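Scope of the values below: all heavy atoms of this structure, side chains included, with no hydrogens, waters or symmetry mates. Nothing here was measured: the structure is a model prediction, and the numbers come from that model.
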Amino acid sequence: MPFSSLSDPVVLARALSASEAAWQRVKDEQIFMLGSEEAERTRLKFIVASLAPLALSEEDLVERAVEHFGQKAARDGAVPTSRHSDSMV
């Protein structure tokens with residue numbers, strides 16, 4: 001369970017909400033995924049859970065999580081299919 005390490009109810013609630021918002025951004029921005037949609041959604045939840053105690057707000061958590069999620073694909077040689085590719089046209 002990605003959120004099992006979170007014991008503070010406020011942090012847990014923020015993480016759950018941020019997880020949904022971050023996933024929507026990943027889909028909206030068409031950020032490259034390295035695996036199946038289910039696997040990538042789970043990976044994002046683990047990212048959110050690891051960042052939740054450090055986040056200043058839900059918006060901050062979403063931003064950090066999406067950035068971290070996209071960095072893995074970039075490190076592994078994938079090219080994002082979102083806003084970055086638009087500037088290359």
Checklist outcome for this item: Correct closest heavy-atom pair for Val48 and Ser19 would be CG2-CA, 4.0 Å
Next on the checklist: What's the separation between atom CD in Glu67 and atom CD1 in Ile31, rounded to the nearest 0.5 Å?
Outcome noted: 10.0 Å
Checklist entry - Charged N to carboxylate O below 4.0 Å: is that the case for Glu59 and Arg14? => result no
Checklist outcome for this item: Interatomic distance, NE2@His68 vs CD1@Ile47, rounded to 0.5 Å, equals 4.5 Å
Item to check | Pairwise distance CZ(Phe46) to CZ(Arg41) - rounded to 0.5 angstrom | outcome: 14.0 Å
Item to check | Non-hydrogen atoms of Leu61 and Ala18 that approach each other most closely | outcome: CD2-CB, 3.5 Å
Checklist entry - Going through the checks in order, is the side-chain contact (heavy atoms from CB on, under 4.5 Å) test met by Trp23 and Glu40? => result CA-CA 9 Å; Trp23 182 248; Glu40 290 297 86; 4.3 Å; yes
Checklist entry - If you look at every heavy atom in Val62 and Ala21, which pair is closest and at what distance? => result CG2-CB, 3.7 Å
Item to check | Sub-4.5 Å side-chain heavy-atom contact between Pro2 and Leu44 | outcome: no
Item to check | Non-neighbouring partners of Thr42 that pass side chain to side chain donor-acceptor pair (under 3.5 Å), sequence neighbours left out | outcome: none
Next on the checklist: Minimum heavy-atom separation for Phe32 and Phe69, please, with both atom names.
Outcome noted: O-CE2, 4.2 Å
Next on the checklist: Taking Leu34's backbone N and O only, do any of them form a donor-acceptor pair with Arg43's side chain (distance below 3.5 Å, no angle check)?
Outcome noted: no
Item to check | Separation between OG of Ser50 and CG of Leu6, rounded to the nearest 0.5 Å | outcome: 9.5 Å
Checklist entry - In Å, rounded to the nearest 0.5 Å, how long is the span from CD of Glu63 to CD of Glu58? => result 12.5 Å
